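Report on one structure; see the data block that follows.
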Amino acid sequence: MATYSDLDGIAAAAAIDEARLWSHLVGFGEIGGIGGGGVCRLALGEEELAARRHIASWAQSRGYRVFVDPVANLFVRREGTDPGAAPVITGSHIDTQPQGGRFDGAYGVIAALEALAALDGASVKTRRPIEVVAWTNEEGVRFTPGAMGSMVFSGALALSDIAGRRGSDGVTLSAALASALAATPQATFRPTVPPIAAYVEAHIEQGPELEARGIPIGIVEGIQGVRWFDIEVSGSGAHAGTTPLSRRRDAFQDALRIVSALNDWTSDRGDVLRFTVGRFDLTPNSRNTVPARASLGIDLRHPDANVLREKGDRIAAIAAAAARYCAVSVREVFTKAPASFDAAVIGTIEAATRLLRIPALRMSSGAFHDALFLNDVCPAGMIFIPCEAGISHDPAESITSVQAAAGARVLAATLVALAGADGDVR
Ligand code: HGY
Ligand code: MN
Ligand code: MN
């Protein structure tokens with residue numbers, strides 16, 4: 001027997017406008033566009049502030065209220081029939097990698113805004129308010145750690161502990177946050193975190209599974225754990241022509257020894273453990289000067305908490321032992337254990353795919369997402385759509401308008417069920 005939520009969910013999904021969504025996604029991707037389909041919108045940078053202004057004015061033009069919190073998370077609120085009820089929150093991030101794709105993060109925000117427009121178009125009223133959020137600094141490129149906005153929001157990180165931290169460009173987080181808060185004057189400052197009924201995030205898969213199987217929707221059951229380490233190798237700068245190798249403290253050569261030792265330590269025949277040296281900076285980085293310092297950004301991931309702990313806990317000792325001439329410091333800058341999403345939210349997403357007769361696959365996520373931290377404070381889940389060849393964190397990242405619309409339809413029906421008019425929300 002169809003419930004009000006089912007009927008409203010079908011109506012909302014039917015009101016998702018593929019052309020309108022695609023045009024919004026393509027237009028949004030031009031904010032910070034770098035050509036070749038790529039985007040560079042580093043957290044709280046000028047391009048991302050432009051994206052914030054876009055979202056806030058889009059929201060205001062549709063009569064939605066806009067809020068920001070102390071870490072500049074940006075919220076667009078559609079009222080429910082019970083304004084005092086805890087909202088259902090959906091969204092993702094709008095910051096990108098330095099040569100990122102147009103859809104990582106942005107898809108989850110723009111698809112959520114499209115879902116609000118569809119709810120309006122279908123005149124669907126939900127009991128709970130629905131808020132669309134753009135979380136601050138999910139990528140962790142300019143400021144560490146990643147998922148900063150959702151970590152502060154969920155209490156996993158205290159803003160006071162990181163406000164003085166400087167970004168890769170030397171700007172302090174507090175100064176960057178001040179410019180972000182000033183960028184959307186129409187947003188009401190909301191210092192406290194509202195109770196949340198549920199959180200659901202739509203995102204591109206960033207992996208090949210859905211496309212390879214020809215399945216349009218992924219129902220994410222959980223996310224693997226992640227640990228980030230900064231390794232600083234300190235030697236001595238010297239003249240490349242006059243300094244014999246026997247008298248060098250070459251930070252690059254010792255960094256190579258460290259990476260080689262860590263490659264051995266993290267090698268995994270099953271190809272499940274993910275060890276990446278994604279950042280490698282040399283100082284002074286000049287061909288004819290022996291490197292004085294090497295700075296490495298390490299990313300380690302695994303779905304099993306015990307393996308992640310065992311492999312991560314030895315990194316400092318292995319790095320120190322591998323270096324021959326230089327001093328080595330290792331700092332863990334981000335860590336999150338693997339997590340499983342809420343069974344009821346997973347079930348609600350699955351019910352929405354069945355209601356809309358859209359094939360779906362239960363799966364886990366190799367990438368982390370803000371949902372990983374929301375999962376600590378409310379029932380949370382994620383909806384994936386395929387992306388071409390699983391490519392992400394690269395300008396070649398690509399989806400189709402059909403894939404985008406399918407995800408938005410499932411999101412709209414899920415939001416109606418979670419914020420349901422007939423009070424069936426958990
Ligand atoms: O790194 C991640 O997993 C995410 O895409 N920021
Ligand atoms: Mn992302
Ligand atoms: Mn990403």
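Because the structure is a prediction, the values reported are computed rather than measured. Read the numbers this way: they start at 1 and go in the same order the structure lists the ligands and their atoms. For the numbers below, each heavy atom of this structure counts, side chains included, while hydrogens, waters and symmetry mates do not.
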State whether the shortest distance between N or O atoms of [X] and N or O atoms of ligand 1 falls below 3.5 angstrom.
X	value
Glu139	yes
Arg301	yes
Gly366	no

* Asked: To which protein heavy atom is atom 5 (O) of ligand 1 closest, and what is the distance rounded to 0.1 Å?
  ->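 Nearest neighbour among protein heavy atoms for atom 5 (O) of ligand 1, to 0.1 Å: His393 NE2, 3.1 Å.
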* **Atom indices of ligand 1, in the order listed, that fall short of 4.0 Å to a heavy atom of Ala367** =>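 Numbered from 1, ligand 1 contributes 3 (O).
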* To do: Run through Trp22, Phe28, Phe384 and flag the one making a ring-ring contact (aromatic ring centres under 6.0 Å, His included) with Phe103.
  =>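 For Phe103, the ring-ring contact (aromatic ring centres under 6.0 Å, His included) test succeeds with only one of Trp22, Phe28, Phe384, which is Trp22.
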* **Close approach of Gln206 to ligand 1, heavy atoms, under 4.0 angstrom** =>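 Yes, Gln206 has heavy atoms under 4.0 Å from ligand 1.
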* Can you tell which of Asn375, Asp370, Asn137 makes a side-chain hydrogen bond (donor to acceptor under 3.5 Å, both in side chains) with Ser150? ->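 The side-chain hydrogen bond (donor to acceptor under 3.5 Å, both in side chains) with Ser150 is passed solely by Asp370 among Asn375, Asp370, Asn137.
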* Asked: Any side-chain heavy atom of Ile55 sitting closer than 4.5 Å to one from Val76?
  ->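 Side-chain contact under 4.5 Å: yes.
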* To do: Indicate yes or no for a side-chain donor-acceptor contact from His302 to the backbone of Asp304 under 3.5 Å, with no hydrogens or angles considered.
  =>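 Pair found, side chain donor or acceptor close to backbone of Asp304.
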* Asked: Does any N, O or S atom of His393, backbone or side chain, fall under 2.8 Å from the Mn ion (ligand 3)?
  ->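 It does: His393 brings an N, O or S atom closer than 2.8 Å to the Mn ion (ligand 3).
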* Asked: Under a 4.0 Å N-O cut-off, is there an ion pair linking Arg362 with Glu350?
  ->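 Looking at Arg362 and Glu350, the cut-off is met.
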* Please determine if Arg52 and Glu48 form a salt bridge, counting it only when a charged side-chain N lies under 4.0 Å from a carboxylate O. =>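 Here Arg52 pairs with Glu48 in a salt bridge, since their nearest N and O are under 4.0 Å apart.
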* About how large, to 10 degrees, is the angle NE2 of His93, then the Mn ion (ligand 2), then NE2 of His203? ->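 About 110° at the Mn ion (ligand 2).
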* Asked: Quick check: does His369 put an N/O/S atom under 2.8 Å from the Mn ion (ligand 2)?
  ->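 Short answer: no, not a single N, O or S atom is under the cut-off.
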* May I ask you to decide if the ring planes of Phe75 and Phe153 are parallel, tilted or perpendicular, using 30° and 60° as cut-offs? =>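 Plane angle between 30° and 60°, so tilted.
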* Asked: What angle sits at the Mn ion (ligand 3) between OD2 of Asp104 and OE1 of Glu139, to 10°?
  ->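 About 120°, to the nearest ten degrees.
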